Amino acid sequence: MSSGTRRRAIAFARRLRFYVIAAWSAVTLNFLIPRLMPGDPAQAVVQQLEVKNGQNLPPQTVEAIRKLLGGVHENIAVQYWHYLGNLFTGNLGISTGNFPTRVTTLIGTALPWTMLLMGVSTVLAFLIGTGIGALCGWRPGTRTDSVLSPLSTFLAAVPYFWVALFALWLFAFRLGWFPLAGGHDPDADPSSPRYWLSVLHYGLLPALTIVFSSCGGWLLGMRNMTLTTTGEDFVLLARAKGLSNTRVLFRYAARNAMLPQLTGFALALGAIIAGSVLTETVFTYPGVGSLLKQAIDNRDYPLMQGILLFTTLAVLVANFLADSVYVLVDPRTRAQGGDAS
Amino acid sequence: MGQPPDRRSILRAGGALSLGALAPPVLAACGGPASATVPRSDTVSVLNKDTAIVRNFNPYSPSNHTGPMGRYIYEPPLWIPRLDPAKPQPWLASAFSWSRGGRELTLTLRKGVRFNDGSPLTLDDFVHSLDIPLKKPEFNTAGVTYTDVRATGPDTVVLTFDKPAYQDLYALGQLSVVSKRQLAGHDLATWNNPDPVGTGPGRIAAFTTNQVRIRLRRGYWGGDAFPTRNLKFPSASEDTAKLLLLDGDLDFASIAWPSGQTNFVDRDPAQNLYSPLPSGTIAMIAFNHTKAPWNDIHVRRALSMAIDRSAVSRTVASGQDPANLAGLAPEVYGSWLLPEYRRSQPLDVAGARRELAAGGWQIKGGNLVKDGRTHTVSMTSIADWPAYRIMSAATADQLRRHLGLNVNLQLQVGATFDSHYNSGTFDIQYRLYSSGTLYQFYNTLLDGQGMLPVGKIAASNQMRWKNADTDRLLAAMRVTDDPKLIASYAASLQKIFVEQLPVVPVLWECIWAVATRRYWTGWPTNRGIRHYFGFDAAAPEAILALKGLRRSTT
Amino acid sequence: MKPALRNPKVLAGSAIALLVVLAALFGDWFSVHALGQDPHTLDYLVINQPPSGHHLLGTTGSGEDVLAQTIAGARGSLVVGLVSALISTALGILFGVCAGFFGGVADTVLNFITNLFIVMPVFALTLIVAGYLNNTGTMTIALIIGVFGWAGGARSLRAQTMSLRGRDHVQAMRMLGESRTRLVFSEVLPRLYPLISAMFLHAVIGGVLAEAGLAFLGVSSPNTISWGTMIQNAQNQNAIINGLWWWFLPPGFCIAALGTATGLINFGIDEIANPRLGAARRAAQQAVKAA
Amino acid sequence: MSVLLEAQGLCVDYLGGERSVRACAEVDLTLRRGEILGIAGESGSGKSTLITALTQLQRPPAAITAGRILLHRDDADGGGTVDLTAADEKRLRALRWREMSIVLQSAMDALNPVMRLSAQFADVLREHRRGITKEAVAARTAELLGMVGIPAERSGAYPHEMSGGMRQRATIALALACDPALVVMDEPTTAVDVVMQRQIMKQILGLRRRLGFAVVFVTHDLSLLLELADRIAIMYAGRIVEIGAARAIHDAPQHPYTRGLRDSFPPLHAPLSVLHGIPGTPPDPADPPPGCAFHPRCDRRLDACDRRLPRLGPVADGRGLAACLLHEHPEEAPVS
Amino acid sequence: MTDLKPDTETPVLEAVAATKHFAAGGATVRAVEEASVALHRGRIVALVGESGSGKTTVARLLARMYPVTGGEIRLDGSPVGRGHPDREYLRRVQLIFQDPFASLHPGKTVLHNLERPLRIHGHVRDRAEARARAAELLERVSLLPAKEFLDKLPHQLSGGQRQRVVIARALAVRPAVLLGDEPISMLDVSIRLDMLNLLTKLRDEEGLALLYITHDIASARYLCDDVQVMYAGQMVEGGPKEDVIQRPAHPYTQLLVDASPDPARDRAADGTADEDGTTLGEPPNLADPPSGCRFRPRCPHAMAVCAEAFPPRTELGGGHWAHCWLHADGSGVTTT
């Protein structure tokens, strides 16, 4: 078995090599993309100031501001070198749109909100969608299945923000069940239990809309996988063994049908930061999505770079975790020895 | 609160009941009144549409998001009233006077002013505050133009200018006076100043990512006569703000609301208020004067006459009325405005056709044709603001209907739009124009001295207007503070503006006051406006406006 | 083809899709001549009108006819959807099929790029790039969506191609002396058509949704009428708050309908390709009836 | 020996939208306790359908549309006769694995890939022996694996970690977990090599002798059955065309198809001669020929063969049953 | 190097001490070790062994689907290169795959399948000619009436018909050698013999050299002239078929022959002691094979020397040879 261990180590090293190169490529791409785009951050800031002041700024001031905000006068290679150096020290620079706040501070403030809202609702959507999907795939053609499956197709195709806006109007405004904006009761003291309960209350509607519009995709995927898996011999044998239906479904059919879903789940988990833009814009939620929107509006390079970096790393980490989890739940991946035909 | 429950609170209770089964603790905690410490009825709630999610109150940051909150903390040396920007008023400087032909300005520091940390405002603080923009031009976010600051007495400061600067006071209304002691040891380029010290009445009482609370202190130099000491500034998008207003969670917001009359005021006319306030800003059509056919006065006039401004106003439907011929809002520039220019340009299709004919223009296939050359009409407008999308589309629609002109309308985002404007690479732009004083109004728009060629980024006269009379009048206006002379220059400039039509004013732009009288009354309205409020107000106006509020008795 | 046309799901889906395509092709003509409404006309006399005999779906806040706009929006949305889907599918085929078929170094490089794009925050990048390149029109938006959206498809195409490459019939044709290019085009690609068409359909609705999302965030082409920009305009002018449901609902509903259509077609294709999916349901229904 | 299982007039249809396909038609079978009954047939003959029906494992769109399956239980198990086609799910579950178990063709597919072997044994032991201790489960698993020559320590392995032969033997051990009276085997040796096939056959014979279970053994390989089975049923186009003792099938096949099938296997040691299989191809189950389904390929075809469906009946010399007009009208001569 | 061959003619295609190692996940799989096989015009060689014995790899090495790790492939006596075969080579050597269902593109007609090789190798100039040639090819593989089959799609054909099309397609290039990789194992039993008879006909009438790969010794005996037995990547025995099958010299060949089903075998004599479930072990892991003779761990006659080196080739007379230390005591001429 030592050769197996070595093979596994080699496979692991290969995986790791991919993640390292991917991370580097992502970091570089994040550096390049904003710089390849027209426009510069100082321009946006100056413009805002001039609108606010109702008059133009003296040219030397504009020049000085441009310099202060890290204008594009440096050699791009030097910039890149500094950028990499700063990354290793955890310094993502200073946001130009919120000068002089550090990007890490901004992301640090916003990240927990996004993680909480998007993380919880993504997990919920996955669990609900996968669960119902497994039931639909297990008993295809039942009333539940014939209603839910086409419905999920529809739900998966409805623009998310459209549903969210409508939900906001109906449940928060017309019915008044939920607050209209924000991530918590702004009048509550952050150390009080009331504050934490308000966090729940404020997060409920955004979370429900996410679950509502994203569980359809999970449902369909799981339904078809379950349907395919129930055709497998080992499910037939499990039935032949006289095991109870629930046991056959969960231990045999769903357990195996879920494996491909996990990869998707990892990607979805990693994508939550990027996916949060729409949700957080609709619900004025104080997370990374709102921050990204703001960064784009302000042409805030450092902030954009920082968010992209975080997002990419989140996807990479989620994938790495998924790989690891996959190895745990699917023993076949553990000893992927090569075989000749 | 002692009021009979309205429909909304009943609905909310219903919602609470039906949801109660799902999540009882959540609603038990959140269904109650807004705050345990400060009742909602004792708080003035004003929208902060400049979403601040970090505690950044550095007043010199080119991009700080202090929004309306900063107005209650930092104060300027002078108050430039928006309703009469030509008449600066003393504020932290209790007096000011010109000398050396407008090259020296002496400011007298007000006595007895204390910062909100209790320390007194000294001349040292004052000089330091005025000096920062000189030492570090990157922090000259107010745009001051003096070149030297000097304390000349126990409470006087002299600002020196290179050239007569009678028209440059505007920037002193934007400057924040800060505590030298608080700033000491901090690098303005890295410091957020989370607990700002200023001379204003406010102090940060609570800061969260969604809302900032300000508590007004006692001992403010301007007096204690505030209707309440509690202000809060919830952050929300404009869309959400409308819902918050309807829900009574916001008292005031400065946002445009298409069909605000029917959709907001008419829902509860006793309580709801939607008021477009004049601001001195216009929505106008700007021409590139380096390009044919826009350098032809006949074409500009024809365009102006073919626009049905009241129809455009109705289409926009958020309160912008047709602008007058001079483009000068009577509420702001009323003392200068010539009576014959108080009217708007009416729709005059026949006149427009006559003008085109007079210039030798024909319209063929939707395009302007003269001497066998065909000119297409390309109009750009700003995509970021929905009102401009509608205004420009409605205008294009009218030119098509009235003159048979095919307007190729393009919407651009702000940055692109402005960069085309600044470098003169546009045909016609539909844009907002705002400038402080009357001088600035004409100077920024039309000053031909040092005009930059097309392709260079210009900060003023982006339309490349070249007119010797205009330049002469502006030069003369710059160096005098004689009201009579200024009035005569202003009249001449108005004439040029109306007769030569370097731009076509279409509608007034407004500052909106959307308010409910549920808890407070005395909001600024277009009838009897005294001071602005909210996001668009300068610090003195915001403080004065707040003082004008009264508790609602209904 | 026959089983496809007999499948009710494919039929229903195709009918909806066809309607959208017709609207995209002849919508302008139809609006102007049959409805008497130009989607671009702003009529200040009839702002925010609920549906009536004259304006079947009412008017917008600037007096545009909602029905005419919805019909015109089909073109805007469909163009973005189709162009972005074409680009992403083409890139997906290029990367996936080449990597899967040629293997070796080509596979290592192409597959790495594919994996990289899979882990990149695609929507965020799309948003940022689109935000910068604003005003460059629908095509640019479509291009950006397409360029950032191919990786998932490439991955499954690669897997499929690898499995096909090893199939006996491909090996057999190779043994007969068939050239590799021809193998790709005549043996591998045709067998990928079901997957590619599913991918394509998926990408179309993905593109439409992405455009709508971008429009909502204010970074789509403002000069084109699409369902996305319609929702954006409705949102900008407070259609929901003001109760203008006739303005807000149709474009979103159309997107959902188009999405459902593509979903149904994909479903149907799946059922035909994998008879168990369909047969199981029919049989179960019969069994229920019989019992 | 007493009768264990009876199928009477069993019909299995694949229900389709417009037309159904009859995969098994009017099958009558009797299986005695401890007997190995071989069922031989080519692809599409309905043999796999038959055994999924016998074990009530048919899945939609397959459905039993007529007939009964009677399971006669041993007195030790409570006795009595159960009609499996009428039993509800709960009743069936109680009978499964205790009365009848199944071994499928590919052990790789039949074992849950993500569960250890021991867990798959434990699953079934716990289901059918309520309250069994952990130790007892482990001991029984080891015992069962030992019976097929797998060391007990391999029980912790996942299916993919074992060789094909070992996996297949493990599924046989699994099938014996609850001492069933009947083990149904669906081509259990097709996926393994000749040497392993021989081993497995020997193990089946040995275990049958020790434990006394009956076996229904389905395969396309008649040569294998001739060595293994006590009796053999030959299926063609969904019907049983001949049943008889293995030796009789080998020595004197009564049905032309059986004869053709037997002669399709070249001998290993006997002198070689040019052989011909059966001309033509097996019929499409969705579109079987009228009359006797074999008639288009039959070299002893009678006039009535394309019209009359022969019934399974005793042959002249009483050596089993066959469904062929030759035996209904032995006087009539072949046409061609 | 000279080989003593019953036939002095130069083999059309020959593998000489061909070795193939695969790299897989950091390990080396030693799939084939120094295997030699020679194919002569008008003769059929059967390569017999269990799955994983390397027989398919040998066929693919001969077809040059991948390069040899060691040794060489010779066409008409001259060594060939290591790269992908050129069309010249493919015109001489054709491979027939096991699965007729997977070997034809499901979306292409029979005509298209036959037309491509004809065109690639320039045997036809236009469509009409292609059609005529394709029909001829179908006639050669006894798919009659040929015209009817030309426009059919693969799914409209039975397995046997498909395999005939596959063979016809291989014949289209007019090869000298056909490599058949288990060409009948996926077919229905009743039609296998016809396929074997077809291959025999091609050998006899067209003088093709044929390699027949199978695990079924009985069919090998029926079809071929010579038999070679492979075990775990090594050639263990070979020679004229009756010599090898009736008088196997290598213990593995003996095991293989004994294990093969033989309906003629006397069942009464088969009640062997193996029924207790002892097993003979399984083929080794080729990533980590035993030293010396790879059959050693399963061999009842294993000796110390077996672990030391792979036995040399021992000629047993009449072209019969074996690699086994039991016979390597100088009783024959040894070569390596």
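Order of the sequence lines fixes the chain letters, A, B, ..., with proteins taken first and strands second; residue numbering starts at 1 for each chain. Bear in mind that the values here come from a model prediction, so they are computed numbers and not experimental data.
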Quiz prompt | More than 12 heavy atoms from other groups under 6.0 Å of CZ on F154(A) | solution =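 Count over threshold, so yes.
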Please confirm whether the backbone N or O of [Y] pairs with a side-chain atom of [X], one donor and one acceptor, at under 3.5 Å?
| X | Y | value |
| --- | --- | --- |
| H128(D) | L243(A) | no |
| K241(A) | Q120(D) | yes |
| R96(D) | G242(A) | no |

Quiz item: Where on R239(A) is there a heavy atom nearer than 4.5 Å to chain D: the side chain, the backbone, both, or neither?
Solution: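 Both parts, heavy atoms under 4.5 Å.
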Quiz item: For R251(A), is it the side chain, the backbone, both, or neither that has a heavy atom closer than 4.5 Å to a heavy atom of chain D?
Solution: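 When you check distances to chain D, atoms from both the backbone and side chain of R251(A) fall under 4.5 Å.
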Quiz prompt | E127(D) CD to S244(A) OG distance, which is reported to the nearest 0.5 Å | solution =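 Those atoms lie 5.5 Å apart.
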Exercise. Measure the spacing between CG of D233(A) and CG of N112(D) and express it to the nearest 0.5 Å.
Key: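 D233(A) CG to N112(D) CG: 12.0 Å, rounded to 0.5 Å.
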Quiz prompt | Winner by heavy-atom pair count (cut-off under 4.5 Å) against chain A, out of D123(D), V124(D), D109(D) | solution =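 Between D123(D), V124(D), D109(D), the count favours D123(D).
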Quiz item: Quick one: side chain to side chain contact (heavy atoms under 4.5 Å, CB included) partners of R139(A), sequence neighbours excluded?
Solution: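 For R139(A), the residues satisfying side chain to side chain contact (heavy atoms under 4.5 Å, CB included) (neighbours in sequence not counted) are T142(A), N245(A).
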Quiz prompt | Inter- and intrachain pairs under ring-ring contact (aromatic ring centres under 6.0 Å, His included), touching residues 229-265 of chain A, at least two apart | solution =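 Of all non-adjacent pairs touching residues 229-265 of chain A, those that pass ring-ring contact (aromatic ring centres under 6.0 Å, His included) are F126(A)-F265(A).
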Practice problem: Please state whether the side chain, the backbone, both or neither of Q105(D) comes within less than 4.5 Å of a heavy atom of chain A. | Solution: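 For Q105(D), no heavy atom lies under 4.5 Å from chain A.
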Quiz item: Side chain, backbone, both or neither: which part of L92(D) has a non-hydrogen atom closer than 4.5 Å to chain A?
Solution: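 Interface part for L92(D): neither.
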Quiz item: Looking at L57(D), L104(D), V103(D), which one forms a side chain to side chain contact (heavy atoms under 4.5 Å, CB included) with L237(A)?
Solution: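 For L237(A), the side chain to side chain contact (heavy atoms under 4.5 Å, CB included) test succeeds with only one of L57(D), L104(D), V103(D), which is L104(D).
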